[in-house]
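Here's the structure, in structure tokens; my notes come after.
Computed from heavy atoms alone, side chains included, the values below leave out hydrogens, waters and symmetry copies.
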Amino acid sequence: MAPLYSLAGELRLGANCPVFGALRGDRTAPLCGSVPLLGGQMGTTLRDTIQTLHSVGPIIKRALASGQVFQPQCELFEPDPDVTCTYGVEIPASEGYVMTANVFRSRKATQRGEAVPVIMCAHPYDNRLTPHQGNTPLNGPPQQYRIIPQEGKPRFSTLTSWESPDPDYWVQAGYAVVNLNLPGYGGSGGPPAVFQPSQARGFHDAIEWVAAQPWCTGSVGLNGVSFLAISQYGVAAGHGNGGKPPPSLKAISPWEGLTDPYRDVFCPGGVPESGFPSFWWTTEVKTALTEDEDAFVASEGVRPPRYAATHPVLDEWWHAKTPDLSKITVPMLVCASFSDHNLHTVGSFRAFREASSEHKWVYTHRGGKWDVYYDPAVQDFTRRFMDCFVKGERENGFLEVPSVRLEVRASRDEITAVRDETEWPPSGTFGESLYLRADGTLSDSAATSPSALTIDAKGGEQRFSYRFTEDRELVGPMTLHLQLSLQGDATPASDAGFCVYVFKRDAGGNQVPFRGSVGSTNDPITRGYGRAAMRALDDERSTPLSPTLRGTELEPLEAGEVVSVPIALWESATFFEGGSSLELLVATYEAVPSPPYAKDLSFNEGRVEVHVGGDHGSRLVVPRR
């Protein structure tokens, strides 16, 4: 996720934001920006505007009520005087345009004529938006820290743009830092795209240009959060470049980033995501364009809010946005959190599993992604990784670090274990079936007699619970195999979408909260989405614990037809005390809202019959070791 620059249309929350202008006492500040919400054929549509306000409204309301807007949850400090900053450095691309980058170096190293390795990041979020340049709200930190709750108070220098490596830390660690605007954004030329091969090719050219500079040793490592992680996957996989990464790229550290846009966020489980794309486009992507919306549409064909509607199944358009992770061979340190289920969790674990790198690690946690990313211990851990592969210090001990750092929590704030594992899911993990029963329980065995439970497809739900008699960890993904049929009311029903959640309840029946995406502090253990008409599996990529949908077609149901719908529930690591319970909620609406995310379930009609008991009853598969 990247900076929140506007609330609707051109309503900005930047340095000249009318909202912050009003907060400063500027009574002349307009409240609707300079461009009408529906101005121009290519302007923001009413639907997108309403959806954006619906998505971001609860976040803004929470920030205003808590006072976070005025007291951002982070800590800034001035950089060491040794750090020198060169802004707007022009980097040529082989396709004929020029990209812009900020370069941070050590004054002392420069004076000595010393070449150093480089830590680099690339994104579409405009690298000029830093406190040091005076382009952030009220000259404070990036504005997300006024909006999104943090677990602690991340600390970084005023040179740091949103979700990027802190130049102060890395320059003092013996590196130069390059913060690149991807093609089409923040002053960079080229086609403004998202997830496309053209971005990876531009990044590839920039890496090689940096490596050839006299102040660089020729070795480059990549680091950064969210889209700054996504861009790493693309360039390391040689996306759009024949699977060939830049020769000077020595290592990557993608900190929580999706790897399959269709499956991970725009249409998980076949259910279209309507909230985040509108929020992301209106408040984060559009405002950073070097040109205008027309240039974006010329490159992409459609704006992000209409991606899923225009491309409802996994077609070649989506495949072109998805790098082949098996092409990644450089050393990789991935962060995969259990607290970003609506966005980056599943893609991060997929990258760890599918990359062909000989040396790869995954760091798991369930805190806030920014708290953890800027934590001093994590920065030092990442530096050891970079020192090993980018500086070439192979004897620093990192090669002996186990490949999986696993964190297990009993609740939002209680960590019960941090240990090393050798693979993900942990070795010896298998799937255990808990069968749905008509009395609302989950059982180790299915009921002998089959029966069916009815859920209103326009907003119904069913809950099922399982009580643990002894302490138990559930570490890994889960899968709900839902046996169902559809019944119409006035007209036949042929499809239905589902939001599925797994909660922990204590011995007294109270829900136990966990941290979730975009600052949520009351999340379930895990969640997933499914669609009756999109149930065919990709057999080559599916595992018993983690099904992958083929996604290439919709298969409407006939009235009364019983089908099995696999619903993947994303990775988690949770400790259950004896006497606590697991609760499964199957709903045909968003029973647990998670702004700015919102699922489009408008296609739901009629009633869903969930079949339980007998030889083919519905079951929840949970990890066991």
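Val565 is not listed as a side-chain neighbour of Arg531, based on a closest heavy-atom distance of 4.5 Å or more. Side-chain atoms of Phe389 and Leu399, non-hydrogen and from C-beta on, do get closer than 4.5 Å to each other. Cys388 places none of its side-chain heavy atoms less than 4.5 Å from the side chain of Glu393. Side chains of Asp340 and Asn342 form no contact here, defined as non-hydrogen atoms less than 4.5 Å apart. Between Pro425 and Pro477, the closest side-chain pair of non-hydrogen atoms falls below 4.5 Å. Side-chain atoms of Pro165 and Cys121, non-hydrogen and from C-beta on, do get closer than 4.5 Å to each other.
By the salt bridge (charged side-chain N to carboxylate O under 4.0 Å, His left out) test, Arg383 pairs with Asp387, sequence neighbours left out. Under the salt bridge (charged side-chain N to carboxylate O under 4.0 Å, His left out) criterion, Lys504 pairs with Glu577, sequence neighbours left out. When the ring-ring contact (aromatic ring centres under 6.0 Å, His included) test is applied to Phe576, the partners found at least two apart in sequence or on another chain are Phe468. Every residue meeting the salt bridge (charged side-chain N to carboxylate O under 4.0 Å, His left out) condition with Lys321, not counting sequence neighbours, appears here in chain and number order: Glu300.
Note on residues 513-532: pairs passing ring-ring contact (aromatic ring centres under 6.0 Å, His included), not counting sequence neighbours, are Tyr529-Trp570. Pairs engaging residues 474-484 under the side chain to side chain donor-acceptor pair (under 3.5 Å) rule: Gln483-Ser564 [sequence neighbours left out].
A salt bridge is defined here as a Lys NZ or Arg NE, NH1 or NH2 lying under 4.0 Å from an Asp or Glu carboxylate O, and Lys327 with Glu354 fails to meet this definition. Salt bridge Asp523/Arg412: absent, no basic N to carboxylate O contact under 4.0 Å. Taking 4.0 Å as the cut-off between side-chain N and carboxylate O, Glu571 and Arg353 count as a salt-bridged pair. We find that Glu583 and Arg505 are joined by a salt bridge, their nearest charged nitrogen and carboxylate oxygen being less than 4.0 Å apart. A salt bridge links Arg409 to Glu407: one of the charged nitrogens lies within less than 4.0 Å of a carboxylate oxygen. Remark: Arg350 engages Asp264 in a salt bridge, criterion side-chain N to carboxylate O under 4.0 Å. Ion pair Arg607/Asp456 not flagged as a salt bridge, since none of the NZ, NE, NH1 or NH2 atoms sits closer than 4.0 Å to an Asp/Glu carboxylate oxygen. At a threshold of 4.0 Å, the pair Glu421-Arg625 counts as salt-bridged, since one of the basic side-chain nitrogens sits closer than that to a carboxylate oxygen.
Scanning both residues, Glu273 and Phe276, for their nearest heavy atoms gives OE2-N, 2.8 Å. Between Pro596 and Val518, the shortest heavy-atom distance links the atoms CD-CG2, 3.8 Å. Between Pro142 and Thr160, the shortest heavy-atom distance links the atoms CG-O, 4.0 Å. Taking every heavy atom of both residues into account, Arg515 and Thr521 meet most closely at NH1-CG2, 3.5 Å.
For the atom pair Leu537 CG and Ser542 OG, the distance stands at 4.5 Å (nearest 0.5 Å). In this structure, the separation between OG on Ser443 and CG on Leu434 is 8.0 Å, given to the nearest 0.5 Å. Leu325 CG to Asp260 CG: the interatomic distance, rounded to the nearest 0.5 Å, is 8.5 Å. Note that OG1 of Thr345 is 6.5 Å distant from CD of Glu256, once rounded to the nearest 0.5 Å. Summarising the geometry, atom CE belonging to Met478 is positioned 6.0 Å from atom CG belonging to Leu582; distances are rounded to the nearest 0.5 Å.
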TODO: Apply side-chain contact (heavy atoms from CB on, under 4.5 Å) to the pair Tyr233 and Met332, showing each step before the final yes or no.
DONE: CA-CA 10 Å; Tyr233 292 126; Met332 179 171 68; 4.1 Å; yes

TODO: Test Glu400 against Arg384 for salt bridge (charged side-chain N to carboxylate O under 4.0 Å, His left out), laying out the working first.
DONE: CA-CA 12 Å; Glu400 284 70 53; Arg384 286 182 59 207; over 6 Å; no

- [ ] Dump the intermediate steps for salt bridge (charged side-chain N to carboxylate O under 4.0 Å, His left out) on Asp375 and Arg155, then the final yes or no.
- [x] CA-CA 8 Å; Asp375 180 86; Arg155 188 172 187 271; over 6 Å; no

TODO: Evaluate the ring pair (Phe, Tyr, Trp, His ring centres under 6.0 Å) criterion for residues Phe398 and Phe381: first the C-alpha distance (whole Å), next the side-chain angles of each, then the deciding distance (0.1 Å), finally the verdict.
DONE: CA-CA 9 Å; Phe398 202 89; Phe381 185 71; 5.1 Å; yes

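Side-chain atoms of Ser226 do not come within 3.5 Å of backbone N or O of Leu228 as any donor-acceptor pair. Panel note: side chain Trp361, backbone Val401; a donor-acceptor pair is recorded below 3.5 Å. The closest donor-acceptor contact from the side chain of Lys458 to the backbone of Asn604 lies under 3.5 Å. Of the possible donor and acceptor atoms, one in the side chain of Thr429 sits under 3.5 Å from a partner among the backbone N and O of Pro426. When atom types are taken as modelled, the side chain of Ser427 and the backbone of Glu423 share no donor-acceptor pair closer than 3.5 angstrom. In terms of modelled atom types and a separation under 3.5 Å, the side chain of Tyr501 and the main chain of Ala591 share a donor-acceptor contact. With hydrogens and angles disregarded, no donor-acceptor distance shorter than 3.5 Å links the side chain of Ser326 to the backbone of Ala355. Not a single donor-acceptor pair under 3.5 Å links the side chain of Ser55 to the backbone N or O of Phe279. Side-chain atoms of Asp471 come within 3.5 Å of backbone atoms of Gly578 as a donor-acceptor pair (strictly under, hydrogens ignored). Asn223 places no side-chain N or O within 3.5 Å of a backbone atom of Ile119 that could act as its donor or acceptor partner.
Note: Trp280 and Phe195 meet the aromatic proximity criterion, with ring centroids under 6.0 Å apart. Taking the six-membered ring for Trp and the full ring otherwise, the centers of Trp370 and Tyr145 sit at least 6.0 Å from each other. The distance between the ring centers of Phe352 and Trp424 does not fall below 6.0 angstrom.
Of the residues listed (Val271, Leu484, Leu480), the one engaging Phe498 in a side-chain contact (heavy atoms from CB on, under 4.5 Å) is Leu484, and it is the only one.
Side-chain N/O atoms of Glu163 and Tyr373 include no donor and acceptor closer than 3.5 Å.
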